[in-house]
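To keep things clear, I will list the structure first and then write my remarks on it.
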Amino acid sequence: MRKIFQRALVGAYAAVVAITAPAVAPAATASAASGVPAAAAGVVSVSPAEGETVGVAFPVTVRFAAPVADRAAAQQSVTFSTSGPHTPEGSFRWLDDATMRWTPTGYWPSHETVTVVAAGFPRKFRTGAQVLAVASISAHTFTVKIDGKVVKTMPASMGRPKHPTPVGSFTTLEKQNPVVMDSRTIGIPLNSPEGYKLTVYDAVRLTWGGVYVHAAPWSAASQGKANVSHGCINLSTDNAAWYYNTVGIGDPVIIQA
């Protein structure tokens, strides 16, 4: 099942937390700069928020008060450090003229405090355990590792050939319990043989296009055996609840063919 019709519990990092605070930059490009757009325009928000605990793939998003003319200088004005010996690397991309995002290469170190400084203001957040999920479309499984150790392998059902589950690396965006999923949002009328409008529980969003990991008791007989969903990763009620309660926003999910 895929696509959202109505939101419930929201915890997405796409919505930048509105706080007067810092940002982040890779150590390789960070430097003390003067007269840069970050200081001139002012940093109006940053995500993650002060004191927040996030998943190890969570990006850092910085929003400035005005469009930034010199993007390179703005990136160089942002620094970070961790409480451990690790020096994370990553890359910037700009979401718009006033908003930049830094995404770690690989993952942040788990169980550490990250200090971010932008325009002279420090801000700290923490990373939790590394909760890494690997979905295998061909094997019909959903495996979760915590700090490198496999803790649970679950039968799963993914997208049928007409509605395939995307392959690649993803980051959990938000958790919703419940959420109403409506086939009309992906162009399938309710009166179609494939139409649906369902209340879905323990839903973890992977894409803004509507791919989730969620409870799907209606596909229990196919989980571990066949792919019958509209693109989402279907789990049993108990397994979906376990994953929902274990995963954090910003944790990684790898989907393999």
Side-chain angles (χ1 to χ4, degrees), residues 10-132 168-174 205-208 248-253:
V10 177
Y13 63 64
V16 180
V17 180
I19 52 177
T20 302
V24 77
T29 61
S31 65
S34 60
V36 298
V43 175
V44 297
S45 68
V46 64
S47 173
E50 171 70 25
E52 187 175 2
T53 298
V54 300
V56 296
F58 201 107
V60 174
T61 304
V62 182
R63 190 173 68 210
F64 296 95
V68 176
D70 190 340
R71 293 185 175 184
Q75 291 169 192
Q76 291 174 350
S77 73
V78 185
T79 66
F80 70 84
S81 60
T82 68
S83 58
H86 309 89
T87 303
E89 297 180 354
S91 59
F92 282 104
R93 73 183 181 95
W94 287 77
L95 306 183
D96 57 46
D97 288 342
T99 308
M100 66 182 182
R101 175 169 290 169
W102 185 88
T103 301
T105 300
Y107 309 126
W108 293 102
S110 58
H111 307 288
E112 288 195 5
T113 298
V114 179
T115 301
V116 182
V117 180
F121 296 98
R123 183 70 57 170
K124 297 179 186 289
F125 66 90
R126 283 194 55 81
T127 58
Q130 185 188 96
V131 181
L132 169 63
S169 297
F170 302 87
T171 303
T172 56
L173 300 174
E174 62 182 359
R205 184 193 282 272
L206 302 184
T207 75
W208 295 115
I249 304 302
D251 277 323
V253 177

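Remember, predicted model here, so these are calculated numbers, not experimental data.
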**Request:** Would you mind reporting whether Val60 and Phe80 have side-chain heavy atoms less than 4.5 Å apart?
**Result:** no
**Message:** Counting C-beta onward and ignoring hydrogens, is there a side-chain heavy-atom pair between Phe58 and Ser47 closer than 4.5 Å?
**Reply:** yes
State which residues pass side chain to side chain contact (heavy atoms under 4.5 Å, CB included) with [X]; sequence neighbours excluded, sorted by chain then number.
{"X": "Thr103", "result": "Pro59, Arg101"}
{"X": "Pro104", "result": "Trp102, Trp108"}
{"X": "Ser81", "result": "Thr115"}

State the [atom1]-[atom2] distance between [X] and [Y], to the nearest 0.5 angstrom.
{"X": "Glu174", "Y": "Trp208", "atom1": "CD", "atom2": "CH2", "value": "4.0 Å"}
{"X": "His111", "Y": "Thr82", "atom1": "NE2", "atom2": "OG1", "value": "14.0 Å"}
{"X": "Asp251", "Y": "Leu132", "atom1": "CG", "atom2": "CG", "value": "8.5 Å"}
{"X": "Tyr107", "Y": "Thr171", "atom1": "OH", "atom2": "OG1", "value": "7.5 Å"}

Residues two or more places apart in sequence or in another chain: which of them pass side-chain hydrogen bond (donor to acceptor under 3.5 Å, both in side chains) with [X]?
{"X": "Ser83", "value": "none"}
{"X": "Gln130", "value": "none"}
{"X": "Thr113", "value": "Arg126"}

**Prompt:** Between Thr172 (side chain) and Gly248 (backbone), is there a donor-acceptor pair under 3.5 Å?
**Reply:** yes
